[in-house]
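The figures here come from the full heavy-atom set of this structure, side chains too, leaving out hydrogens, waters and symmetry mates.
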Protein chains: 2
Amino acid sequence: MKPATIRDVARHAQVSVASVSRALNGSDTVTEETRKRILESAEALQYVPHSGARSLSTSKTNTLGIILPDLYGEFFSELIRGMDLAAREHGYHLIVSSSHDDADGAAAAIRSMRGRVDGLFVLSPQIDSANLATAMAGRLPVVLMHGGAGESTLPSIVVDNNGGAHAAVDHLLATGCRSIAHIAGPAGNLEAEARLAGYLEAMAEAGLEPHVVEGDFNQGSGHASAQALMAAPRRFDGVFCGNDMMAIGALLAFQEAGVRCPEDVAVVGFDDVPIAALVRPGLTTLRIRIAETGRRALQRLVGQIEAAQAGREATQSSSACEVVRPELVIRTSTRASVSTTRAADGRPSGVTASAQGENQDG
Amino acid sequence: MKPATIRDVARHAQVSVASVSRALNGSDTVTEETRKRILESAEALQYVPHSGARSLSTSKTNTLGIILPDLYGEFFSELIRGMDLAAREHGYHLIVSSSHDDADGAAAAIRSMRGRVDGLFVLSPQIDSANLATAMAGRLPVVLMHGGAGESTLPSIVVDNNGGAHAAVDHLLATGCRSIAHIAGPAGNLEAEARLAGYLEAMAEAGLEPHVVEGDFNQGSGHASAQALMAAPRRFDGVFCGNDMMAIGALLAFQEAGVRCPEDVAVVGFDDVPIAALVRPGLTTLRIRIAETGRRALQRLVGQIEAAQAGREATQSSSACEVVRPELVIRTSTRASVSTTRAADGRPSGVTASAQGENQDG
DNA sequence: CTGTTAGCGCGTTCAA
DNA sequence: TTGAACGCGCTAACAG
């Protein structure tokens, strides 16, 4: 009744377990005849290697863990999708652990990964470097993917939120907006704070008064924040939202209130999740090639793991902080530009004018 | 340098490994004093139990596997989200294995799960019962979640696709449509085929000529199919799409072509993914409470596992095929109804009139 | 109450 | 080329 083990196969094939192991793992030197007999026995017994046991003896799980924060949405789906695609190319499985609203929870999740994974992606913005270091007793390879740009010495991939926010404000300015509000992400979230900081800086540089309402990165809060904005005495003709989901919520709120977009108010999001191109008006946003970033993160983690297995340290570049520069994608939620936009780094940006027809992924 | 093991802790605390195990697992009888000493040693050595090793000796991984098909999207994201939430309540981790476009790939993925998980969700519509049975050597608890309604004796959760399709056609009919086309999902996909069959039946019952174009469940194919529909000589005033993503693609295609929805053509989708409520016009669709279905599936799988650990068979109900009945959600992509709609099972349906204001999830 | 020992299923030396 | 024995890290009997 119970699944066959390697010893069952050995007995059936009249050989030792060592030979079975060798034959099945292809590598070593085995007589063609005995190998054939072993394979037949394995087939007959429907033998399937026990990954757990194998992991224990090889100290290699071929599994990677992902520590996610509480909030969910298209951003993380896309990221995981990109990672997953790359993972199977490299022969790895993915184990996800989400819903970590607090730092302790995330730390516990990280600890529970020991002996279960070969490496870890940490996406929880709540957990700070100190807690992380404590939780990481064991030198598990890791790739950090939460906001704090290079504040840790661990390998990481971060988005240039500040630059992206600047580009958003610049674009709104260039298209004629004079009074730009910001619907921010939740306080305490590093990504949200960096985007807010970028907004404040850009506004200060332009000599404009900032106007901030706090949301929580979910679509509902974007809706509510937009209503709050409309209820306030202060006028505005442009809104930069901390992410796309809030921007979509805002778009709907404006629509319900009879406020036209982009004529009356222009809206810019952040992330370029797939939905952004599907709403009307199409959402102008800062594109992060999400799935590709996920793929890239996976490559780096695998690189670390392989390096650790072989030599000592990973190649120099792999221990650095890689930064992803968002790209402004102009759709119809903002008006036509009247002057040249500048990229986050000051050089001419690769601005993408996105046509209506882009909505074909098939 | 290497992580501390239980023996390091035992040595440090001057006790045996057994005592350490007992102290850490809380259960047994240990003197308060020695327990305290052990905990201190564990703390000092930053000891973290090795889940892999523990799994091997307890033959319990506390991990559940999910075998996903190739296509990704909001539907699966939502489902996984629901599962994940429930999983951590039950103390389980989730390991995902996606991108299985063919039956062999899915079977291989299932095999590779041995020794890695305590149970499995199979969502790949490509794998048939025969292959599945072969791959499942080992009596691993499983919950099937692909279209084939009850064709297997394994526990499963299936959507009443046929009934949902009937409801969609009935609704279009009730709102005055006379010529209803169908954008179908990919051939070979059980869900897609069941929805197509339901459409064909309902059309036949109404004495109408069917009109089918095949898509692939992605948004792009919905866009292309709608264009194909418009290019064809045959007129139509309603479209039932195999899923929401294709419906959204179709919506955009109509918009681009200047065809008004719902005035010129009414559109109905299937699934009620989160985006469905966010596009304009709001998409009328058949709601599957996706996250909740995921939660339910998890409960059933855990129920099976616990039953297998304890007694013999799971409770009778857990080995059955549970069916999820989609609920018609009327938004603005279809016109106002002029007569009463009937539910899939013939009784008055719990039709939900969804207001504009529903777009607040916060 | 605690320590010793035997597996869990597999990879991998080391002899033969 | 093959086999016997050990170890991966931990839990669970069985003694003491």
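Atom CE of A/Met113 is separated from atom P of D/dG9 by 20 Å (rounded to the nearest Å). Per the geometry, CZ belonging to B/Arg114 stands 7 Å off P belonging to C/dG9, to the nearest Å. A straight line from CZ of A/Arg11 to P of C/dG9 spans 12 Å, rounded to a whole angstrom. Rounded to whole Å, atom C1' of C/dT2 lies 14 Å from atom CD of B/Gln14. In this structure, A/Leu56 places its CG atom 8 Å from C1' of D/dC10, rounding to the nearest Å. As rounded to whole Å, 11 Å separates atom P of C/dC8 from atom CG of A/Asp8. Here D/dA12 presents its P atom at 12 Å from CD of B/Gln309, a figure rounded to the nearest Å. We find that NZ of B/Lys60 is positioned 16 Å from P of C/dG9, with the value rounded to whole Å.
Between A/Arg81 and A/Glu78, at least one side-chain nitrogen of the basic residue sits less than 4.0 Å from a carboxylate oxygen of the acidic one, meeting the salt-bridge criterion. For B/Arg37 and B/Glu40, the salt-bridge test fails: no basic side-chain N is under 4.0 Å from an acidic carboxylate O.
Taking all atoms of both residues into account, the shortest heavy-atom contact from A/Ala10 to A/Ser16 is CB-C, 3.7 Å.
Here the nucleotide nearest the side chain of B/Ser57, chosen from D/dG3, C/dG9, D/dC10, is D/dC10. The side chain of A/Val17 has D/dA5 as its nearest neighbour among D/dG7, D/dC10, D/dA5. Residue A/Thr29 places its side chain closer to D/dT1 than to any other of C/dG11, D/dT1, D/dG9. Counting only heavy atoms from C-beta on, A/Ser16 has its side chain closest to D/dG3 among C/dG3, D/dG3, D/dC10. For B/Thr31, the side-chain atoms get nearest to C/dT2 when compared with the rest of D/dT11, C/dC10, C/dT2.
Distances shorter than 4.0 Å separate none of the side-chain N or O atoms of A/Ser21 from OP1 or OP2 on C/dC10. Residue B/Arg54 has no polar side-chain atom (N or O) positioned under 4.0 Å from OP1 or OP2 of D/dG9.
The main-chain N or O of B/Ser41 is never found under 3.5 Å from a side-chain atom of B/His12 such that the two would form a donor-acceptor pair.
Inter-residue side-chain proximity for A/Val323 and A/Val159 is flagged as unmet; no heavy-atom pair is nearer than 4.5 Å. B/Leu298 places none of its side-chain heavy atoms less than 4.5 Å from the side chain of B/Glu89.
A/Val15 comes within 4.0 angstrom of sugar-phosphate atoms only, judged by non-hydrogen atoms across all strands, and of no base. B/Thr34 comes within contact range of the sugar-phosphate backbone alone, with a heavy-atom separation under 4.0 Å but no base atom that close. As judged by a 4.0 angstrom heavy-atom cut-off over every strand, A/Ser59 is placed among residues making no nucleic acid contact.
Taking 3.5 Å as the limit, the base of D/dG3 and the side chain of A/Arg22 contain a donor-acceptor pair of atoms between them.
Residues A/Ser19 and B/Ile6 both approach DNA chain D. Their nearest nucleotides, taken by heavy-atom distance, put A/Ser19 toward the 5′ side. Nearer the 5' end of DNA chain C, as judged by each residue's closest nucleotide, is the contact made by B/Ala18, out of B/Ala18 and A/Ala18.
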